[in-house]
Structure formats: C-alpha cells, structure tokens
Amino acid sequence: MTSAFTGTGAFTFGLDETSIPFLALFAVVWLLSGLYTAITTPAADRPRLFAYYVPSAVGGIGVAAASDAVSFYLCFALMALPAWGLITHTRSAESRRAGAIYLTLTVVGEALLLAALVLLVVETGTTSLPGYRDAIAGLPSAALITTLVLATIALKIGMLPLSGILSLTYTYTPTGPAAALAGASTKVGALAMLRLLPAGGMPPGWADAVMVLGLTTAFGAAVLGVLTDHPRAVLGYSSASQMGLVLIAAGAGLSDTNAATLAYGAVVTYALHHGLAKAALVLGDDVVQRLSGRRARSVALAALALPALALVGAPLTSGFVAKYALKDAVHAVGGDISAAVYVGLSWAAVGTAALMLRFFALTLQPRETTPGNARGAALVWGLLLMLVATATWMWPSDWNQHAISSAFSLSSLWAALWPGLIALGVWGVIARIVPGGTRYRAVVEPGDLLTMVARGASRWAARADRPRPVAAGRSEARSSSLAEPLLGAERGYLRWTIAATTFVLVALALAWLALG
Amino acid sequence: MSTYLIYAVGGALIFSIGTYALLAQRHIMHKVIGANIMGSGIFMVLIALGKRTPDGVTDPVPQAMVLTGIVVTVALTALGLSIAKRYYTLTGLDDLDQDPPACDGR
Amino acid sequence: MMIWLPVLLPAIAALSTFLLGERRPRARNTLNLIAAAASVGTVVVLVIRAYGGEVAVGAIPMMSDLDLGVHSDLTGLLFSTVATVLWMITLVYAIGYMEHAADQARFFGFFALCIAAANGVALATDPVSLFVFYEILTLTTYPLVVHSGTPEALAAGRKYLLYALTGGTLLLLGNAWLYALAGPTPFTPGGALAGVETHTTALRAIFFLMAAGFGVKAAIMPLHGWLPGAMVAPAPVSSLLHAVAVVKAGVFGIIRLINELYGPALASSLGVAQVLAAFAAASIIVASVIALRQDDLKKRLAYSTVAQLSYITLGVALCSPLAAAGALAHLAHHAFMKITMFFTAGSLAETLHVKKLSEMGGVARRMPVTMGSFAVAAFALAGIPPLAGFASKWLLGSGSVEAGASWALIVYVAAGALAMGYMVPILLAAMRPGDHGAPEGVESDPRMLWPIVIVAAMSIVLGLTAGLPGSPVHWALTAVAPAFGGVTP
Amino acid sequence: MSLGAQLPALLVLAPLAASALTFIAGRNVDRYVALGCAVVNTALAVALAARVLDVGAWRYEVGGWGAPLGIDLVADGPAALFVLLVAVVGLAVTVFATAYFHRDDPNAYGNGHFWTLWMFMWTSLNGLCLTGDAFNVYVCLELVGISAVGLAALKGDARALRAGARYLFANMLAAMTYLLGVALLYSATANLDMAMLRVVLAEGGPGESGAAVGIALMVAALVLKTALVPAHFWLPSAHSAAPTPVSAALSALVVKGTYFALLRIVLGMTPPGFVPGLNVLLGVLGAVAIIWGSIQALLQTRIKQFVAYSTVAQIGYLFIVFPLAGAGADVMSLALGGVLLHAATHGLAKSGLFMAAGSLMDRFGTDDLNRMRGAARTAPVLTMTVALAGVTMMGLPPSGGFGSKFQLATASISTGQWWWAVALGLGGLLAAAYMFRVLAIMLSGPADALAPADAAIRLEWLPLGLALAALFFVFAAPLVNELAAIGPLLASGAVTP
C-alpha cells in the first residue's frame, strides 16, 4: 500500500529487536484482558465495549509492529483514541470527565508526537522508524525533537504533574479494559522511548535532567497514590511512579552511548515486567472481590502478593531483575547526579512498597461487584500470573543476563529487601497512630490536579456564546447621530442665496487664481 | 482714460449690481430682472470691445456676440416669467425659498 | 473557447434560472444539474490536458493593455475542480434543503453565479482579471447571505459587505499601483515582477494592500469579523460558499500573490511573507480557541474555518515547496471536510431544528449515518491518519521544517489538537441522551443525506489515495513545483 | 465634400428638424416623429464614430466661412463618443417616454411639449459636443439649459415649477458668468476658435492675465452647469421633480454635455498651468463631491432624491482628470480614457437607474424608500436593474465604472498623486454603502403592497438593458480609449484649421 503523504514510503510493519518484546507483551495483555472482559461483561454491554476495545487492541499491536513513522503515528492514535470509549463505558459523570481529560491529554500527545515525527522524517529524509534513535543526536533539531518526544512520553506515562491521568483512567474503566490500559497503554510510552529518544550523543545535562524528572515522578506519584482510597487509583499512581523509574532508564541513555545500551535493556525488561505485573494486579483486585468463598479469597490474596512483590522488586521476582538492570544503567552514566539518582532508586522502592500495602488494605475492604463468571475470571488471571512469574526469566536475550546472573548475590538480595521492610515498619506505625488505621479516607481524589483544571475549563467553556440581541431594522430607522446634522447642513446650504453666493465666491476664487 | 476702459468699468459695475439682485432679491421677478441687468453689463463691455482694434475698423464678432446674447437672454427671461406666473398662480408665493403649502409626493 | 466554459456554463445556468423564475422548479433543477455536470466534465477535460502540459488561454480585451484572461494551469484547475464538483453535490443537497423555501429562483441563480465567479478567480491569468472575478464573487454572494430577509440576515449582509468591499478597494488600489509601477503582470510561477524588484517600499506596500484585500475573504484575523455572522445564510450557502468558494477565493488569491506574482523568493526577501505568516499563525491559534467556546454549531464551524484557512495562508507564506503544496492540497481537502460538516449542520437545523450543541442530545441515535459522516470529517479535519486532513497537514508540517520554521510546525500540531478540542465536543454532544420525537435511525431527506455521505467518503478516499497521481496532494506538488524553480519536491 | 464629412452638421440638423415637426404634428404623430428621429440620430452617431475611427478627426466649417470668422464643428474621438452616448441613451429615453406619456391620457402633463423640448435638447446636446468655438459653446449651453428647464418643470405642479425656477436661475447665473468670461477671453486674444486659442495661449503674449481670468470664469460657469459641489444646489430638486424619462435624460446626458464642454476648454484649449491652481482646485472639488454627494445619497429617504445625489457624487469622479493634466501622453491617455469611460458608463447606468426608480415609485405609490420592502420578490426585474446599476455606481468589475476607476487610479499613482486614488476608493465604498442600503430594503421582507404593472412598467426590460450595458462596459474600454486618443484633447491628433 502506498503511503498517504509524500510518496517517500509505504505503511510498513516488521519485527526487530525492539518490536518483538513489546509485540509479545501487548498481544498477551490485550488478549487476556479481552478474554477477561468477555467473561465478566454482561452480554448486552459487550458490543458497545468491544466496539472500542478491538480498534484499540489493533492499534496496540500495530504500534509495536510499525516500522515507519506514519504507521507508528497512525497506530499510536488508533490505540489511544478509542480508549476514550472504554473509560466512559459506565457513562457516569465522573467517567465522562475522566474521558474528557484523557482525550485532551491524548490529543495533545498526538500533536506533539506528530511534530516530532515530521521533524524526524524531514531532517533524516527517511520514514524508517528503527534508525531514528541513532540519528537524532546529529540532527539540527535534536533538542526540539527530544523535547517533543519527552513531552509525548510524559503525557503517556503520567509524569508529574500529570500523574493523575493514570489513576483517572484506571478508576473508571471496566476491569478488563483497565488491565489492558495498565498493561499495554502506558508501555507505549516505553516503546516511544526506545524508538524516538536519542541513543546517546546528547549533552550530559539532558541525561541528568530527565533522570531527575523520572525520580521526582517516582516519588511524587507514590505520595499521591498513598493518599487516595480506591484500589485502582492506587494502582494508577503506582504505574505513574513505576514509569517514572522507566523514564530514569531512558534518561540514562540520552547522553552516553555505553549507558544507552544498558538503558535499552532496562527499559525493555522493566516494561515487560511492569506491564504483566500491573495487569495482574488490576485483574486480581477484581477477582478477589468476585470470589465468595473465604478460602478462595485467601488463596487469591496470596496469589495477588506475587505481582505486588514483583513491583516492589523483591528477590526472585521479575521486578528484581528489572530493577537491577535499571541500576546498572544509571550507574553507567557517571557523575554526581546519577550517583544521587542511584541512591534514590532504592528509596523509590520504599514508596512502591507503601503503595502496595495501601492497595492490599483497600482490596481487603468489601465492595460492590458485578456478578459474573468468577471461575473463568480467576482462570484468566491465573494464566497471567504464571507469565508474571516466569516471563522475565525465560526471555532469551542478552541484555538481562547480567541482572539474572547477579540476582543471587547476598548484597543484591539485601538491597532488594530493605526498602520493603522499612515500608512495612512505617505502615505498622501508621496503623497504630492514625485514626481509622490503614483504611483512612482519601486526601487526594483520582486525577488530582487534572480534575481541578478540567472543572475550571468546563466552567470557562460554558460561559461562551451568549446570544447578543441584533439591532433590529437598523436600516430603516437610522439612529446615527450624524445623519440629522449632515442632512440639515445640506438643507441649509440649498437655500438659493447661500448656494448661489457660494458659487460666485468659487468663481471669484478661480478668477483670483487666474490673476496669479 | 480710454473709452474702452470707461465702458469696461461701467459694464463690470452693472454686472455686479445684477449679480447682487439675482443672489439676494427674494422676489422671483426681481431675480429675472437682475439677470437681465447682468447681461446688459456684459453687452456694454462687448460693444466697446468691437471698437478696440489696431486698425480702427470695427470688429464684427463682438457685435454678433451681443446680438446672440440678447436673443438668449430674451428666451431665458420669457421662460423665467412664465414659470414665475404659473408658480404664483398655483401657490400664491413669489419667493422660492418658502416651502409651498402642498408639495405632493410625485 | 473551452477554457471559458467553467465560467460561462454556471453563468448560463444562472441566467436561465432567473428567466424561468418561480414557474418551473423541476426544469430549473434539472437545468442547474446539467450545467453542473457539464462544468465538471469540462474541468476534467481541462485537467487531463493540463497534466499533459497543454495550458489553454482565453482573453478578452478590457483596458488599454489589460485583458480579462483565464488559463487552465494546474493550480487554478485544482480550485476550479473543487468548486465545480462540490457545486454539483451541493445542488442536490440544496434542492432537498430548499424544497419549500421562498425565492428559489433568486437563490439558485446567484448560487450558480457565485460558482462562475469562483471559477473565474481560479483560472484568472493576472491580478486584474482575478480582481474582476473576485469582486463579482463578493457581489453575487450578498443576495445569498441576506436570503431570508430577516434583520439578522440584513445585519450580517451589511457586515459582510463592509469587510469585503473595503478589502476589494484595497485590492483595487494595490492593483492600480502595481500596474502603474510594472504594467501588466500576468501570473508567472516564481514571480512576475522581474525588473522592478528594486522598488522595495512600493512592492511592500502593494503586497500588504493586496494581502489585506485577499485576507478579508481568507478571514485572516483581524479581518474575519464577517464570517461568523454570515452563517445566517441558508445551509447550502454556508456549505459551498463559506467553506469552499468564497473563503477559498481569498486564500487562493494569496497563493497566486506569493507564488506567481511576487514569487516565493522575492516575497521572503522583502520580508512580507514573514509578516503574513505571523498573522496567519496567530489566526490559527486564536480562532481555534474561540471555536472551543461556541455553542452555536455553525459558529463553531465558522471559527474552525477561520483557523483552517490560515493553515493555508501560513503554508504559502512559508515560501517552501512542500508547505506551498500542502497549502494547495489543504485548500481541496478542507473543502470536502468542512462541507460535510456544514451539510450536517444544515440537516440538523432543517430536519430536527437543532442549531446548538446544547440541543444536540440524542442526535447520534436519531441520525447515525449523518453523524457518522460528520465524525469522519471531524477526525479528518483534526488530522487523524489516514484521512485527508492528515495528508495535507503532514505536507504543511514538513514544509515548515523544510523552511526552517519549526515554530510553524508547532502551530500546526497545536492547531490539530485544538481542532480535536472543538470537534470532539460536537460528537460528544450528539451522543448524549436526548429525544427528538421520532424513531431512531430516521435520517433526513435522501437528497440531503447522500451528499453528506459522499463528501464524507471523499475525506477518506482523498486521504488514502494521497500518494497517487491525480490526488490533490500529488496535484499540488506538481502545480507548485514551477514556482520553486521546477523542482518537484 | 463627401457625405461622411457632413455628419456633424446632420447630427445637429436632424433633431432640430424633428423638434419643429413634433411641434406641428398632432398628438398621434409626434411620438413617432421623435422615435424616427432617435433612430436616425443613433445611426448618424454610429456613422460618425465609425468615420472618426476610420479617418481620424476633422473639422466642419459651418456655411463654409471657416475659423476664426465662422464657426467650426470638430468631429474628434471624444466628441463622437459623447454623441454616441447621447444617441444611445436618447433612443432608450425616447422609447421609454412613448410608454410613459400616454397618448390617450388627458392629464398627462406637458403632453406634446415633451417631444418638442426633448428633440430640441438633443439638438443642442449634439451641438455642444461637436462645437469647436468658445462662443458657440455658450449658445449651445443656453439652448440645452432652456430646454432642460422646460423639461424639468414639465409636470407643472408647484414642486416642479419651484425646482425649474431654481434650475433656470442657476442657468442664468452660469450663462452670464460664461458670457463675461468669453468677453474677457476675446478681448485678450481676439479669437474664439478653441484650437487656435490653444496655440495663441501657449505662445503667451499681451493680455495674458485677462485671458486667464476669462477662462476661469468660463470654467466656473461650466462647473455650475455640471453641478460640481458646491455648485450642485440646483440638481437634486430639478432631477427628482421631473418626469421619469426627463430625470433619466437630465442625469445621464445634460451634465455630461456640459462636462464635455469643460473638458474641451480645460484640456483642449488651455495649456496646462495657464491658470495656476485651476486644475488642482477642480480635482479637490471633485473629491469633495464624491464624498459629500455619497453621504447625502446615503441619508436620503426619497428614491429620486437618492438617485440624484448619487449623480452629484458620480460627477466628482469626472474631475479627477484635471489635476493630472500635463503628465506624459501615456498617463494622460489612461486618465482621459478613464473619465470618458466613466461618463459613458454612468450615462447608461444612471438612465437605467432613474427609469427603474421612477417605475418603482409609481408602482409602490410612494417615493419613500423605506416603504419599498420586498421589491426583490414583487418587482424582481426593477430590483435587478437597481442592483446592476448600483454595481456601476460602486465602480466594481466588470462595469465601466471599474475600468474608469482603475485607469484613473493608475494614472494618479503614476503621477505620484496617489491621494486621488484614495478618494476614488473611498467613493466606491460610499457608493456601496448607499446602494446596498437601498438594496437591503428591497431584499427584506415582508413585502409592501404595490400596484400592478402598467404600460410604463411593461418597459422594465429597457432600464435593465441599459444597466446591463453599463455592467459589461469595461469591455468597451479599448474602444473608448481609442476614441479618446483621436483629437486635440490629447494633442496627439490636433486638428487645426
């Protein structure tokens, strides 16, 4: 198929080192979430839900497989825009607002991405996607392109101060689609990091700045998340926090070519790990609610601990490997800031652990759930859990070998454990001294800042377009205050003596002119 | 002071008097008469002009002009008088600057 | 002779329509449709010949050494094709829309005259000929704007004339000055002012006079004031004239002005193109933001038109081959996208008496096909691939980079986001629950429905085929190449 | 001498004979005599124009005397154009009048006298256009004036008589001023032939200031006759009080005839700069006329007054040529072509506009513009006529008004006097304002009641035809420009005896 624009290429899709892991991740997540959605959604709602789900899934698969700029942009949009229908599926006022906010940010993100892609295509002279990351640093607009791409990614992954977007979308979307969003949608941000951010070659300041941004997001989102009181909202902030860590990895690769290789592996591993684990958490929360038997609930809760621990980076989990890879990358950058970030990484795990504790506390509270096939749902969830446990270890690649091989040293085990222990301790203290224990009320509503801005914006828009009265029949009744004096002047002039005298004066003036 | 100049200055004086009458007199008849006086002033100048030739032979052209001018003035006067009479019959007015009592729309 | 047909055929249709009066509506409609079809056929033949390098020229002596001239170059034919094709489609729509309206002969007559004038604008060979048709267009539009005869319509008409005729006067002065300076200046790709480039001050002044003249119809802010008000006109008028013929005549004038009168090189070395670009960029953003707040559907579309027209203006003013091609392509694409929306607005107003977003609840269920078509056009306008709007926006963006004006690229993508911002609420409003007292799925009159579906489909087709010869994108790339030294980008 | 060379004389004699015949003929015949004469006259005018284009300008010595003693007629391009304009509009007015003045209507005012006066006016207009003698201009002016006053007062009611009287006094004032001017000019130069005078004046010599004052007074008189602001005071009442065909003829032709005499005297007879400041003053007054006339037209509520003030404004355009005098030949040919084009196109459009306005007035039974709502629906042809004539008034393409405005603007800018171009542009905008104000009323609903069409209305296609001719008149511009170049006005084809 000929491409839709300048005739310089075609819509092309293909597999390469980067696309394979993401394609696998997205396929699994969209498929299992889809299955889960099919099982848990009432038949009457299914057509409407899948009308949005399927295009989004197609876009998701396509964005991983795209190997030219325009296909990438097209699939990026195709995945993101229909998700609006998933978010607003319940048609509640909150979900509508969440949908509107989501759509706004998505559209802005699309615009930024388009700008970046146009710059890339024109300045590199090719639409081929895989070559961009090596070429960017040498382009005239390298800084602009990188900024645009970073902004696109920031919107996608919920970088501070936009972290609320993920909690908003997770909270109001039905469970199945929410798992897809959690597992796949944000990971498109990670994909964009690998495709469109320069692999080394930028001035060192870039790496430092982006790593600081990532670390800020990791901490900030964790704080916000702990202060909310819906399990999905917590997961949303957790995603933002985790993607902040991924951003650190991406940042690490911006300036230094060696670090870029390590960062590349870290991003892939982290995306893979986090995508599966977060999807499992979203589904797990719902499965726990659906199970009625006490024993089944206990088993489910125990199983839910697996992805939670993985997120915290507990030893032997996928998160452990991912975090190890991340630390390697940051370490490779060198410099004061990277050293500080390196330290911060361990402390970020404290935040993650706190979020998981808050999540469990909220999940344990009984909630209203839709009736449905609990067994089928649990089965799908079980499949996903198995992948969470094994995927990172089984992935045949070289970039996580180092992490895997060092996984069993004592020092690394300790490094992985202590943040969790600190969080647990603090949690115990809070449970004792805060009224209402660990089930305190929310301080932050889902979407935090974004929700407030959206309220203001809708008030502004509502003031618009007040009808103004049209001056009726102005053509007939000339209300002009000038009209009467002008008409009067002419009437007065038209009197014979005045007019004729004026003429005589004109004639005399002419004669006077003639005399020189 | 040559004869021509006397005639010319006199003519100009008469012309001015006529002009004043045409401009300032309100009565229609006065205006018509004023215009005639203006004409007379010019005719005086023209007649004198015919005599002012280098060789002393009377120039026929100004005389022809005067004759033509008299004819034209007569015609204009006649038209003016007939309009004045008709206007007075219709409205009872002898002054153009006063609005006639009934000015119909057409 | 054939070169005159795109102007003459609609004019003849108009004349016969006036002569028939209100007596025989069926004969009148048939006649108009035949004329439209014949015009389309003529234009197609001309296009095929022009692609083959054969440019027909026609000229009638007008003043001393100035002719009223038309020629079939590719640039002009693109506009002409869009105008005639959409005239035919709009005729069908209008016949359905105006079925029970008064003064139909006046309406259809002036409608056809407008197309004749627009074709003249498109094909004119020199600035004076263009001005002649441009002013005829102004005049023939007026009766359509005030068609209903209501005080609102008359007020809008007054405003339209105030703007358009003032612009026309500036254009006249610019033309007179240019003629005094350089004599006849037939449009030449790359510039027609060789030999007088040294008169920089005069040339700058002439440029701004002319740009202001065209800018009124092109609705460059702050000259846009007439456009939202003119939306009181019947829907087919808003559709064809205020989305296609009239406003495009303005931007087309700017295209000719920069590419073929001054030439991109001179326009940018004089610094005038940059000033125009700044105005256009500001218009894009400001108009888009204003559009966000309109509750009246047609007004929202009008402000969107203001923004989209400035896309084109900005594209030309960047003086790069890709951007100029993008501008020309967008001229065509926007016509199809925006006409879909105005058709829809007309259908809603005529069938459901819905004119505001706040009244649109339930509309999507009542008229799913109509609103579906609207959605396609809306997404196309916002530049979602692979729809038509994306193709032209891609070119415009690439051209911005090519011209070294990354800021323009940012303006374009920001405008795309804003376009989503003002289009999506319309879709959301239509999807809200609401009752329109009729069974779901009952659409409007088929003569109004099918044109909507066809033009919406064109938004898809034009996008998908954008790389093929004969598509507006390919066409535009070919057409603007000579203005940049013949290099096909 | 070939028959073609006699054309100037025939053009004066034919309507004169018709005038006498209509006076003798009865009510049943007079209109046909006039109609026949109009046709013959048109044919003669076409022949004149064709011959001028063919052989160039020539002089016709009346009675074989020859200048300076005798009176010469000059058949040059501009004169041929004006004679042709008088003929075409005159023919239309004649046809319109046959329907307007009912043969059987006992109340039809001035029945019978119209034809005599009208033919007489035609005679004097042709004479005015063709004469090459400064004093003969005076005679023709007065003949035009007398017949025009008679026609303006034809209705015989108080309003018409009052307007007629004012018109008459204005004519008297102008006549006397002109005569004084001619006397002074003759006293200084002992010559009356304009072509000879140009040579004499250009050489300079004794009595120069006397000649200059004479010319100034002649110009002043013609300004009054042409109704240039501030000497327009007689025009609105005279043109609006007259019967419709007369209004059309007065507005379209009479002011054009006197203007043509002015053109001859200022451009053809007087060397540029001979009367310092004269030309600039005329241009300034022209610009003032454009603005002031348009503003007044915008404010009028009576339709014929409205049209009359539009004439006041349009006359202003014709004076923009004077300040450009003395510029190079190519610029002057643009400017002169421009004003001739304007005179012709305005003559066509204004006669159509007056006929349409009069018909609208008769059908609505009122002359109040605000009570003509909905005319676009109930009287579409008349409304269309007003609209198309309006396009000419605004000077928008493709009307001749556009051509004239473009040529004048170009010429102004070429001479560096760009401000005249601005005045032209402003005038176009103001014209649009006053025309569209009226059209908006006609397009608005609901419609006011109007009377069914009578005999005059059956001729509503005639004014439409005139307006259409004006609408496409820019395409006649090449012909007009060619005619403008033939003759002494541009000094390119000076015809000296």
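The chains referred to below are lettered A, B, ... by the order of the sequence lines, with proteins before strands, and numbering in each begins at 1. These numbers come from the heavy atoms of this one structure, side chains and all, not from hydrogens, waters or symmetry mates.
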Open item on the list: Are there over 12 heavy-atom neighbours, none belonging to A:Arg495, within less than 6.0 Å of that residue's CZ?
Closed with: no
Open item on the list: What I'd like to find out is whether the side chain of A:Leu494 reaches to under 4.5 Å of the side chain of D:Arg166, using heavy atoms alone.
Closed with: yes
Task: A:Phe503/D:His232 aromatic ring centres below 6.0 Å - done: no
Open item on the list: Can you tell me which portion of D:Trp292 sits under 4.5 Å from chain A's heavy atoms? Options are side chain, backbone, both or neither.
Closed with: side chain
Open item on the list: With a 4.5 angstrom heavy-atom cut-off, is it the side chain or the backbone of D:Leu224 that approaches chain A, or both, or neither?
Closed with: both
Open item on the list: Measuring from atom CG of A:Leu487 to atom CD1 of D:Ile295, what distance do you get when rounded to the nearest 0.5 angstrom?
Closed with: 10.5 Å
- [ ] Find out whether A:Val506 and D:Pro230 are in side-chain contact, i.e. whether some heavy atom of one side chain is under 4.5 Å from a heavy atom of the other.
- [x] yes
Task: Which portion of D:Phe274 sits near chain A, non-hydrogen atoms under 4.5 angstrom - done: neither
Task: Rounded distance [0.5 Å steps], CG in D:Leu298 versus CG in A:Leu482 - done: 10.5 Å
TODO: Between chain A and each of D:Ala170, D:Gly214, D:Ala216, count heavy-atom pairs under 4.5 Å; write down the option with the most.
DONE: D:Ala216
- [ ] Could you grab the distance from atom CG of A:Leu510 to atom CG of D:Leu285, nearest 0.5 Å is fine?
- [x] 8.0 Å
- [ ] Could you tell me whether the side chain of A:Ile498 reaches within less than 4.5 Å of the side chain of D:Phe233, counting heavy atoms only?
- [x] no
Task: Where A:Ala511 and D:Val213 come nearest, the two heavy atoms and their spacing - done: O-CG2, 3.9 Å
Task: D:Leu278 portion near chain A, given a 4.5 angstrom heavy-atom threshold - done: both
- [ ] Would you name the heavy atoms of D:Leu173 and A:Ala500 that are closest together and state the gap between them?
- [x] CD2-CB, 4.0 Å
- [ ] Would you mind checking which part of D:Phe436 comes under 4.5 Å of any heavy atom in chain A, side chain (CB onward), backbone (N, CA, C, O), both or neither?
- [x] neither
Open item on the list: In the structure I gave you, are the side-chain heavy atoms of D:Leu299 and A:Glu484 within less than 4.5 Å of one another anywhere?
Closed with: no
